[in-house]
Amino acid sequence: MKPINTYHNYFFIGIGGIGMSALAQYFLNRGKNVAGYDQTMTSITERLINIGASFINTDNPDLIPFIFKENKEDTLVIYTPAIKKEENRLLQFFSEKNYEIIKRAEALSQIVNSFKLLAVAGTHGKTTTTSLLGHIFQEAGKHPLVFSGGWMKNYDSNFIDQTNPQFAICEADEYDRSFLLLQPHDSIITSVDADHLDIYGNQGMLKDSFIEFAGHTSNDGYILIHENFSELFKPLKNKKILSYGISEKATIKISNVRIDNGITNFVISLPDNTTIDIHTLLHGQHNRENITAAAALAYFHNIPPETISGAVSSFKGVKRRFEYIIKTEDFIWIDDYAHHPKEINALINTVKELYPGKTITAIFQPHLYSRTRDFLNEFAQELDKADIPVILPVYPAREKPSAGLTSEHLIKIMKNPNARLMTPEKLLVNFDKIKSDIVLTIGAGNIDLLIPEILKRYEN
């Protein structure tokens, strides 16, 4: 394979994905020919079309633009592992014609490994932490190349580009063991909770992969690890490992937390006794931890505390991470990407911290049959904490129903007498009848596509 930047044509299979679309934009910005396939047109694919990409939503090889067929040697095919070769005619075509084909993770690693790379791993929190870290470096004039797994509100994008970047900052995705291709100078590990057990089989194998990822970090760089998981990485020698959290045992500490008029304030204490005062629109203990990791790593790259503090204050967050859809004195609606029991726990706890005594309806769309199966009891336990839990059908993503359990299984073991199963269609009809003070729409599938239609009905 040639160096990744030397091709002229790049065809993406799954171009509408959050990670794939950032790569597509990277090549478009460099004057390359970019085309791609995805099942549906979205705001992301529309944006790519507007800046020069070609798009098809049928996996028919006849629809591949001629320029990509004319010069096979100068075309690179990049695909997401969520799309299987046996189910996609485009992938079959390119394979049969002996095109150069690589996974998204390999393309990303070839780009970011050529810079001083700061990588953020973790089963939760990596998107917010990556996005904030990129924002701090951007505000400090460090010229980062940033690949985020979410839509950064400050930039209306999942990607920050530079002509001559000094740093690359990206999410280190554990799915499909993708992060093992990265060679970070510094890394952050936010969490190592069980997830993606359809890939790893058990949590022990997942932990082993995170340790292997951390081992790829340069001996000259830092590895910042949430204090709950730092013991796992003790076997790594010759690495600069620091823990962060709220306890006295953490190397980097959070203290003096208070919430005033919707602003969360706290202090970060660093190993050299430097402190950083934080004032942020992000709420919840999980976000205080995410901010601490990003701020500390920025400080270790010689960004002054006052610059870090200012950047955190101006950070607007990531779309679908505790995103207010409606916020009035009488009614609050928050949309969140949470799709793991620990994330739902953090979301509901944060809401209760901010709005004590308010009633909560939690509308949850499970993501993947296998994840529903693996965490059935944990999902039930966390969702039972809402006053009214509403469960939508499982969003299957890449899976067939045989891969695990359904929403019906989940609702049967929930103990909250107000728990109910509902289709998206029924939710649309009944949303305006919800009497709770706060509504949460939760999930990593397509539950967010209901929002514009619900808003229309709600406002009417």
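Reckoned from all heavy atoms, side chains included, excluding hydrogens, waters and symmetry mates. Residues take their numbers from the sequence shown, with the count starting at 1.
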Go through the steps for Tyr155 and His135 under the test ring pair (Phe, Tyr, Trp, His ring centres under 6.0 Å), then give the verdict. CA-CA 9 Å; Tyr155 304 93; His135 179 63; 5.7 Å; yes

*Would you please test Asn446 and Gln365 for side chain to side chain donor-acceptor pair (under 3.5 Å) and show each step?*
CA-CA 8 Å; Asn446 62 359; Gln365 180 190 48; 2.8 Å; yes

#### Entry: Working for side-chain contact (heavy atoms from CB on, under 4.5 Å), residues Leu383 and Leu410
CA-CA 10 Å; Leu383 290 163; Leu410 175 58; 4.1 Å; yes

* Could you walk me through whether Phe213 and Ile189 pass the side-chain contact (heavy atoms from CB on, under 4.5 Å) test, one step at a time? => CA-CA 10 Å; Phe213 162 74; Ile189 298 175; 4.1 Å; yes

Are Thr280 and Asn287 close enough, and set up right, to give a side chain to side chain donor-acceptor pair (under 3.5 Å), and what steps lead you there?
CA-CA 10 Å; Thr280 178; Asn287 274 324; over 6 Å; no

- [ ] Start with the C-alpha distance between His279 and Ser313, add both sets of side-chain angles, then the distance that settles side chain to side chain donor-acceptor pair (under 3.5 Å), and finish with yes or no.
- [x] CA-CA 5 Å; His279 315 282; Ser313 294; 5.8 Å; no

Checking Arg288 against Glu353 for the salt bridge (charged side-chain N to carboxylate O under 4.0 Å, His left out) test, could you report, in this order, the C-alpha distance in whole Å, the side-chain angles of both residues, the deciding distance, and whether it holds?
CA-CA 13 Å; Arg288 294 192 281 273; Glu353 177 183 78; 3.3 Å; yes

Please evaluate residues Ile254 and Val267 with respect to the criterion side-chain contact (heavy atoms from CB on, under 4.5 Å), reporting the C-alpha separation (whole Å), side-chain torsions for both, the decisive distance (0.1 Å), and the verdict. CA-CA 6 Å; Ile254 299 166; Val267 175; over 6 Å; no

Worksheet entry | Worked verdict on Asp173 versus Arg104 for salt bridge (charged side-chain N to carboxylate O under 4.0 Å, His left out) | CA-CA 11 Å; Asp173 188 2; Arg104 180 198 68 86; 3.7 Å; yes

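A side-chain donor from one of Ser21 and Asn158 sits under 3.5 Å from a side-chain acceptor of the other. With no hydrogens or angles considered, a side-chain donor-acceptor pair links Glu171 and Thr127 at under 3.5 Å. Of the N and O atoms on the side chains of Ser148 and Thr130, not one donor lies less than 3.5 Å from an acceptor on the other residue. Under 3.5 Å, the side chains of Ser243 and Ser230 contain no donor-acceptor pair of N or O atoms.
Ion pairing of Asp176 with Lys103 is present here, as a side-chain N (NZ or NE/NH1/NH2) and a carboxylate O approach within less than 4.0 Å. The pair Glu323-Arg320 does not count as a salt bridge, with every side-chain nitrogen at least 4.0 angstrom from each carboxylate oxygen. Salt-bridge annotation for Asp161 and Arg30: present, with a side-chain N of the basic residue lying under 4.0 Å from a carboxylate O of the acidic one.
Shown here for Asn88 and Leu91, the closest heavy-atom pair between the two residues is OD1-N, 2.9 Å. Looking at every heavy atom in both residues, Asn164 comes nearest to His143 through O-CB, 4.3 Å. Considering all non-hydrogen atoms of both residues, Leu368 and Val394 come closest at C-CG1, 3.7 Å. Across all non-hydrogen atoms, the minimal contact from Leu224 to Ala293 is CD2-O, 3.4 Å. Residues Lys126 and Ala172 share a closest heavy-atom pair of CD-O, 3.9 Å.
Of the inter-residue distances, the one linking Ile102 atom CD1 with Tyr79 atom OH reads 9.5 Å to the nearest 0.5 angstrom. Considering CD of Glu289 and CD1 of Ile252, their distance stands at 12.5 Å, rounded to 0.5 Å. For the atom pair OG1 of Thr190 and NE2 of His286, the computed distance is 11.0 Å after rounding to the nearest 0.5 Å. One finds the CD1 atom of Ile308 at 11.5 Å from the CG atom of Asp277 (value rounded to the nearest 0.5 Å). Atom OG1 of Thr123 is separated from atom CD of Glu343 by 7.5 Å, given to the nearest 0.5 angstrom. Summarising the geometry, atom CZ belonging to Arg373 is positioned 12.0 Å from atom CZ belonging to Phe379; distances are rounded to the nearest 0.5 Å.
At a threshold of 4.5 Å between non-hydrogen side-chain atoms, the residues Phe27 and Ile4 count as touching. Taking 4.5 Å as the limit, every side-chain heavy atom of Tyr395 sits out of range of all side-chain heavy atoms of Ile447. Side-chain atoms of Ile111 and Leu23, non-hydrogen and from C-beta on, do get closer than 4.5 Å to each other. Counting only heavy atoms from C-beta outward, the side chains of Ile246 and Val257 never approach each other to under 4.5 Å. Looking only at side-chain heavy atoms (C-beta outward), His216 and Leu180 come within less than 4.5 Å of each other. You'll find the side chain of Ile325 stays beyond 4.5 Å of the side chain of Val439, heavy atoms only. For the pair Thr80/Phe12, no side-chain contact is recorded, criterion being any heavy-atom separation below 4.5 Å from C-beta on. Residues Thr372 and Ser407 have side chains not in contact (no heavy-atom distance under 4.5 Å, counting atoms from C-beta outward).
Scored by the salt bridge (Lys or Arg N to Asp or Glu O under 4.0 Å) test, Glu46 finds no partners at all (sequence neighbours excluded). Remark: Asn50 engages no residue in a side-chain contact (heavy atoms from CB on, under 4.5 Å) (not counting sequence neighbours).
Partner of Trp333 under the ring-ring contact (aromatic ring centres under 6.0 Å, His included) criterion, chosen from Phe322, Phe431, Tyr324: Phe431.
Ring to ring, Phe179 and Phe210 are close: their centroids are under 6.0 angstrom apart.
Tyr355 does not carry Lys358 over the face of its six-membered ring by the limits of under 6.0 Å from the centre and within 45° of the normal.
Using a distance-only test at 3.5 Å, with no hydrogens or angles considered, no donor-acceptor pair links the side chain of His226 to the main chain of Val192.
Shown here is Lys253, whose NZ atom has more than 12 heavy atoms of other residues, nucleotides or ligands within 6.0 Å. Other residues, nucleotides and ligands place no more than 12 heavy atoms under 6.0 Å from the NZ atom of Lys319.
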